[in-house]
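What follows is one structure encoded as structure tokens, with my remarks underneath.
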Protein chains: 2
Amino acid sequence: MRYRRGDIVERALGILDQHGLPDLSMRRIATELGLQPSALYHHFASKQELLAAVADELLDRGARAERDQEEWDTSVITLSHELRDAMLAYRDGAELVATVQAFGLGGRTPVTRLTAAVESAGFDAAFARAAAMTVLHFVFGHVSDEQTHRQANSAGAIDADPLVRADTASFDLGLSLILEGIRQRQPDSAKID
Amino acid sequence: MRYRRGDIVERALGILDQHGLPDLSMRRIATELGLQPSALYHHFASKQELLAAVADELLDRGARAERDQEEWDTSVITLSHELRDAMLAYRDGAELVATVQAFGLGGRTPVTRLTAAVESAGFDAAFARAAAMTVLHFVFGHVSDEQTHRQANSAGAIDADPLVRADTASFDLGLSLILEGIRQRQPDSAKID
DNA sequence: ACCTGAACACCGTTCAAGT
DNA sequence: ACCTGAACACCGTTCAAGT
């Protein structure tokens, strides 16, 4: 069989969701595709590069179309929830994204969109980027914790639904703290708009 | 030779700092101590447990003594900088702490101390914990980014000092956003104290 | 209590060679 | 362009046995 990058990423996402990040090895991906491990190196220079492509695809699948005419803070909230939902949609999704981030790889789409939302409130580019990174660090960290603790509790017979609701509440609370901090610095001229 | 847990953690910290997290293998630790790899399993049930002990030791070394009689926000700022400095003091320190966190392991000392600081401002325990986690996620994420980009730039002949200063400024900015968000929710009764 | 020796079941990556 | 086959240099973990 002959594959393209997209086919390999697709299969990797399947392994991730069904068996988790520890089982997402080059050899496992190759075997499931009926390939020799070395064949993957025709498509990706390294495992890190492959994982970055998988993480980007995972995040892309959670991204909705641009909705303009929104308040900047509504945009930030929406984008943050899209990121959270995208990572929660796949087993170990947050850990994968964190790993790719630690490599210094991964697409810049999330930070770009968050930065644009903050800039639309009238902030300069440097502040907007720092504020966007603060939101992003919170989102990645919170969702990572959520998935870690959900995995720990999935052994028992605990109903997951109340946990998800509690996680969502603390997610919204943490996010609102950062948003309020940003609002406090908003230039007066922009508040009128 | 006969070793105790502390000796093994000590040697692991040395390998981490000199060779980085990817080289921190059970076999490498054992070899450097003149042991068989299997000997380590007398002291630690798994590599994850060993890494958790290493991360806790790393964070402990950056912790100063309790200083009472401080404003709550000064305490949060000081604790955050101590955590940052502790992770920056060792190569791949932030990535190690993040890995241990993703296992659901690692000591609760940082979150406990941050929560106590926020509670001292008059907040209830649930809010204080959520606020402390928001700070913690920001600190871990920011320092992780710092170390990732510093490693990327250390190949070139760039002077690191201006970068460190810029990182510190954006760290302080992000932290101040969260603190301002917390202040906005402060109960009126507590503001007088 | 602490360690050895040997084994099991894996890894990521390279590279010449095939079609 | 895409893949095979074989090899290299590693992993974490288990377990009987030693002292």
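Just so we're on the same page: letters track the sequence lines, and every chain starts at 1.
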Notebook entry, point to check: Under a cut-off of 3.5 Å for both distances of each Watson-Crick or G-U pair, what dot-bracket string does DNA chain C give, using [ ] for crossing pairs and | for inter-strand pairs?
Noted result: ||.|||||...|||||.||

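Distance check, rounded to the nearest 0.5 Å: CG of Leu35(A) to CG of Asp7(A) gives 10.0 Å. Going from atom CD1 of Ile15(B) over to atom OG of Ser25(B) covers 7.0 Å, rounded to the nearest 0.5 Å. Within the model, atoms CG of Leu51(A) and CG of Leu24(A) stand 6.0 Å from one another, a figure rounded to the nearest 0.5 Å. Rounding to the nearest 0.5 angstrom, the gap separating the CD1 atom in Ile8(A) from the NE2 atom in His43(A) is 4.0 Å. In this structure, CG in Leu16(A) is found 8.5 Å from OH in Tyr90(A), a value given to the nearest 0.5 Å.
Ion pair Arg61(A)/Glu82(A) not flagged as a salt bridge, since none of the NZ, NE, NH1 or NH2 atoms sits closer than 4.0 Å to an Asp/Glu carboxylate oxygen. Ionic pairing of Arg4(A) and Glu10(A) is not present here: no N-O contact between side-chain nitrogen and carboxylate oxygen is shorter than 4.0 angstrom. Electrostatic pairing of Arg84(A) and Glu146(A) counts as a salt bridge here, judged by a charged N lying under 4.0 Å from a carboxylate O. Between Asp161(A) and Arg165(A) there is a salt bridge, since at least one side-chain N of the basic residue sits less than 4.0 Å from a carboxylate O of the acidic one.
Think of the region where chain B sits on DNA chain D: with heavy atoms and a 4.0 Å cut, that region ends 5' and 3' at dC11(D) to dC15(D).
Within residues 1-16 of chain A, the residues that have a heavy atom under 4.0 Å from DNA chain D are, in order of number, Met1(A), Arg2(A), Tyr3(A). Looking at residues 30-47 of chain A, you'll see Gly34(A), Leu35(A), Gln36(A), Ser38(A), Ala39(A), His42(A), His43(A) sit with a heavy atom under 4.0 Å from some atom of DNA chain D. Remark: Ser25(B), Met26(B), Arg27(B) in residues 18-29 of chain B come within less than 4.0 Å of DNA chain D through at least one heavy atom.
Within a 6.0 Å radius of CZ in Arg129(B), no more than 12 heavy atoms belonging to other residues, nucleotides or ligands are found. Within 6.0 Å of CZ in Arg150(A) there are more than 12 heavy atoms belonging to other residues, nucleotides or ligands.
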Next item on the list: In sequence, state the C-alpha distance, the side-chain angles, and the governing distance for Asp145(A) and His137(B), and then conclude on side-chain hydrogen bond (donor to acceptor under 3.5 Å, both in side chains).
Entry: CA-CA 9 Å; Asp145(A) 278 2; His137(B) 288 141; 2.8 Å; yes

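For the pair Arg185(B) and Phe123(B), the cation-pi test (distance below 6.0 Å, angle within 45°) is failed.
For the residue pair Asp172(B)/His81(B), the side-chain donor-acceptor check at 3.5 Å is satisfied.
Under the side-chain contact (heavy atoms from CB on, under 4.5 Å) criterion, Ser144(B) pairs with Ala94(B), not counting sequence neighbours.
Rounded to whole Å, the C1' atom of dA16(C) lies 15 Å from the corresponding atom of dC2(D).
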